[in-house]
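Worksheet: one structure, shown below.
Along the sequence shown, residues are numbered consecutively beginning with 1. All values below come from the heavy atoms of this structure, side chains included, with hydrogens, waters and symmetry mates left out.
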Amino acid sequence: MHSTDSSLDLQLLRALAKRRKHVWVPIALVTFFVSLCYGLFLMPQGFQAKVSIAFPQSTSLSSGLIGSLIGASASSANTKYVGIVKSSRLAREVEQKAHVQQLLNLPLAGDAVQTIKDGLTVDDNPRDGLMYITVQLPGPARLWPGAGRQRDRVKATVTTTASEYAKALRRYVAVSDVDKEAILLRASEDRLRKDRAAYDGAVKLLVDFVKTASVFPSEQSAAGTSGKSTDPQSARAHTSVLEALYTRRAQLETDIKSASAAIQAEDEQRRELVNNVESVPLEDPLLAQTRLSLFSKQSELDSLRVQLGSSHPMVENARQQVAVLKKQFERQRKAALSGRTSARAEAQAQLTAMQAGLDTVVQSTAKAENKAQMARESLADYEILHNNVEIALDTLKATVTNVAVLQLQTVSAKNRMTVVDDARPPRTGSPGLVMILAGSLFLTGVVLGSVVAYDYYRFAGSFEPA
């Protein structure tokens, strides 16, 4: 008689295996093949598609080196959109484009929306500053007969679903986002469009008046007639040139104001910076590259110091490299603070070129205006319309300045979200063949272990080996 204590009796277990193998082996084989057949022929596969999104950050004087490199500020900006992505509102918008209800033959649109939400995963990664939207939809089993076409439809639909999530989020960010900076920028951009339309309208009124009230010396009769032009085609050509000059002048004036405001705002930000490494959020490419190298090498130095000690040759070598990078960074930082950067030089050159172009357009406009002659009684109306054009242009320039400053401080609505990696069709579904085999083996082990344990404790007090 064998002991019934809690310790495992290997002799009893070997004896049970010899006596009960005719039961255990069939149970194991049946369990394995049933679970394998279920995984291959009945278990629905899931098909995933993923899209990654970045949210460019507003220019901030308080953005530190560490936060900008590890993505902490980006993460805080992304977090507020996680709940939006998981909302039923976006799921409904996605369903209207992806047609999941039709694909899966669901009775209600609400069922399709819930299916989309159930398969949705949103990962806000603070390390790389990206948001990952992953969508999974159920498809046919791996070896279900004739399921190839449905499997291809699911792959295409899940890709469309992930892409539509990015589009729906972009629409929300551009139109419905209640962020204060986004609202201010949208309002200023709307005001800019209205002011530009007002200027174009004032120019149109002036040009139409010149067309109907002016004559040109080359078109007057030999008797010196001062009536309206007898050549409508020539008048139309002249006023078309005049209108084009006014339009070009407005474009140059607004571009100059925008560039000047941007340069001035950047200069003010430089003057406000504190003279230390971590408070330089400038976006000069060379400075950013050196800053990243410095941070990486400093992290490597800290790690080596902990692992090898301060006196190790590798630690000393890393310390010297950090010192070199710090000096290099300091030189570039001073150049950035003084405005001696490649971007600043390019912006200044463009501003000079635009100013020269504006001077040429102004001279050409004055010549075109002087070419037209009109009766004395029409001069008063002409001056009123001309002044309206100048007033509208001054208003437009003031609005452009405000918009330029806002665009420098924040990110415009259309650029507040960028799709980094587009959704791609999945090549395979999950679980794959390896996972199905592993799951079948695991389930077989669980069932067989349960049977063995039952037999062991059942016969522990009465079984005698043969």
Presence of salt bridge, K204 and D208, under 4.0 angstrom: yes
Lys/Arg N to Asp/Glu carboxylate O, E390 vs R249, below 4.0 Å: yes
Q101 side-chain N/O to L106 backbone N/O, donor-acceptor pair under 3.5 Å: yes
Nearest heavy-atom neighbours spanning A318 and L304: CB-CD1, 4.1 Å
Heavy-atom check, side chain of L393 versus side chain of E253, under 4.5 Å: yes
K117 vs V113 side-chain heavy atoms within contact, under 4.5 Å: yes
Heavy-atom closest contact (L206 atom, H386 atom, distance): CD1-N, 4.0 Å
Straight-line distance of K397 NZ to T399 OG1, nearest 0.5 Å: 11.5 Å
More than 12 heavy atoms of other groups within 6.0 Å of Q102 CD: no
Minimum heavy-atom distance between F41 and W144, given as atom pair plus value: O-CE3, 2.9 Å
N/O donor-acceptor pair under 3.5 Å between N387 side chain and E383 backbone: yes
Test salt bridge (Lys or Arg N to Asp or Glu O under 4.0 Å) applied to K167 - qualifying residues, sequence neighbours left out: E164
Shortest non-hydrogen contact between A392 and A202, atoms and distance: CB-CB, 4.4 Å
Partner residues of D152 under the salt bridge (Lys or Arg N to Asp or Glu O under 4.0 Å) criterion, sequence neighbours left out: none
Flag side-chain contact, heavy atom, 4.5 Å: Y165 against E93: no
Rounded distance (nearest 0.5 Å) linking atom CG of L205 with atom CG of D381: 12.0 Å
Shortest non-hydrogen contact between T247 and R196, atoms and distance: CG2-NH2, 3.7 Å
Spacing of NZ belonging to K97 relative to OG1 belonging to T161, to within rounding of 0.5 Å: 13.0 Å
Student check: side-chain heavy atoms of V85 and L120 closer than 4.5 Å: yes
Residue pair V361, L252: steps toward the side-chain contact (heavy atoms from CB on, under 4.5 Å) verdict: CA-CA 9 Å; V361 170; L252 286 171; 3.8 Å; yes
Validation row: S188, V403 side chains within 4.5 angstrom (heavy atoms): yes
Validation row: V315, L301 side chains within 4.5 angstrom (heavy atoms): yes
Test: K194 and D190 ion pair at under 4.0 Å: no
Qualifying residues under side-chain contact (heavy atoms from CB on, under 4.5 Å), relative to S311, sequence neighbours excluded: none
Value rounded to 0.5 Å, distance of CG in L143 from CE in M43: 12.0 Å
Heavy-atom check, side chain of M131 versus side chain of V82, under 4.5 Å: yes
Residue among V154, T159, V135, T157 satisfying side chain to side chain contact (heavy atoms under 4.5 Å, CB included) with F47: V154
Any residue meeting salt bridge (Lys or Arg N to Asp or Glu O under 4.0 Å) with D195, in chain and number order, not counting sequence neighbours: R191
Short side-chain to backbone donor-acceptor contact, R142 and L42, under 3.5 Å: no
Separation of L396 CG from I391 CD1 (nearest 0.5 Å): 13.5 Å
K50 charged N/C atom sitting above Y132 aromatic ring, 6.0 Å / 45°: yes
side-chain hydrogen bond (donor to acceptor under 3.5 Å, both in side chains) pairs, two or more places apart, involving residues 420-436: S52-D421
Residue pair R319, E316: steps toward the salt bridge (Lys or Arg N to Asp or Glu O under 4.0 Å) verdict: CA-CA 5 Å; R319 186 182 294 112; E316 182 61 28; 2.5 Å; yes
Salt bridge (charged side-chain N to carboxylate O under 4.0 Å, His left out) contacts in which one or both residues fall within residues 300-314, not counting sequence neighbours: K297-E300, D302-R305
Atom of T115, atom of P138 and distance for their closest heavy-atom approach: CG2-CD, 4.2 Å
Donor-acceptor under 3.5 Å (S87 side chain, I84 main chain): yes
Nearest-0.5 Å distance that lies between atom CD in Q45 and atom CG in L40: 9.0 Å
Within-4.5 Å side-chain heavy-atom neighbours: V51 and V419: yes
Donor on one side chain, acceptor on other, Q251 and D255, under 3.5 Å: yes
Donor-acceptor side-chain pairing of Q114 and D118 below 3.5 angstrom: yes
